[in-house]
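Model, not experiment: these values are computed from the prediction. Note that the numbering runs from 1 along the sequence shown for the chain.
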Amino acid sequence: MSQEKVDKYKEEKKNRKKVMKINKVKKALVVLVVSLGIGALIGIPLGKGIYKYQKKQAEKHRTISSSEYSDWFDAKWNQDYYDIGANQELQDLLDQFNSATATDSSSATDAE
């Protein structure tokens, strides 16, 4: 019985470096996997939040070309103010203005 213990101890001592190396590699792998897991749990939501914030800021400070603005303005005008031309009071005012302008120009040519 005692001889068995001695043989077992000698065998363990003989393989001690190999066993310690394997244990170090296992420990390093566990640390790596846990670090990646924690990094993913923190990094993914944080990255999404930063991405959304930057996208919102870029949209806020976006510039458009004059043709895009012109198209937008025409669509907005047609959507909100299209019926103004059908308003009778406005039409009467425009007619008065046009007739006054016409009489002023004709009286200016008569005075010469």
Side-chain angles (χ1 to χ4, degrees):
M1 188 169 187
S2 177
Q3 188 62 37
E4 289 177 14
K5 285 184 181 180
V6 171
D7 290 340
K8 184 178 177 183
Y9 177 75
K10 284 183 181 181
E11 191 67 32
E12 285 178 3
K13 187 175 180 183
K14 188 170 139 182
N15 294 328
R16 188 173 292 158
K17 286 184 181 179
K18 188 177 179 183
V19 169
M20 287 177 66
K21 190 175 182 179
I22 290 172
N23 286 340
K24 282 183 182 180
V25 169
K26 284 182 180 179
K27 188 176 181 179
L29 285 174
V30 167
V31 169
L32 177 68
V33 169
V34 169
S35 299
L36 288 174
I38 291 173
L41 287 173
I42 294 171
I44 290 173
L46 185 64
K48 283 184 178 181
I50 291 171
Y51 175 76
K52 286 180 183 178
Y53 175 77
Q54 287 179 344
K55 191 173 180 182
K56 214 182 279 186
Q57 290 298 319
E59 185 66 28
K60 188 186 292 184
H61 300 293
R62 187 175 75 108
T63 59
I64 59 173
S65 67
S66 61
S67 64
E68 288 175 324
Y69 177 76
S70 179
D71 293 342
W72 170 82
F73 183 78
D74 291 341
K76 181 73 170 166
W77 180 265
N78 287 335
Q79 176 186 356
D80 294 343
Y81 304 108
Y82 181 73
D83 293 334
I84 288 178
N87 190 344
Q88 189 60 37
E89 292 177 16
L90 182 62
Q91 195 64 39
D92 292 341
L93 286 173
L94 286 173
D95 291 340
Q96 287 176 356
F97 177 75
N98 288 334
S99 66
T101 307
T103 57
D104 287 343
S105 64
S106 65
S107 62
T109 56
D110 292 340
E112 291 177 4

Problem set entry | Residues in side chain to side chain donor-acceptor pair (under 3.5 Å) contact with Gln57, at least two apart in sequence or another chain | none
Problem set entry | ILVMFWY network linking Ile38 to Val30, side-chain heavy atoms under 4.5 angstrom | yes
For this session: Tell me, please, which residues at least two apart from Ile44 pass side chain to side chain contact (heavy atoms under 4.5 Å, CB included).
Result: Ala40, Lys48
List the atom pairs, with distances to 0.1 Å, where a side-chain N or O of residues 8-18 and a protein N or O form a donor-acceptor pair under 3.5 Å, not counting sequence neighbours.
{"unit_1": "Glu11", "atom_1": "OE2", "unit_2": "Asn15", "atom_2": "ND2", "d": "3.4"}

For this session: State whether the side chain of Ser35 and the backbone N or O of Val31 hold a donor-acceptor pair below 3.5 Å, judged by distance alone.
Result: yes
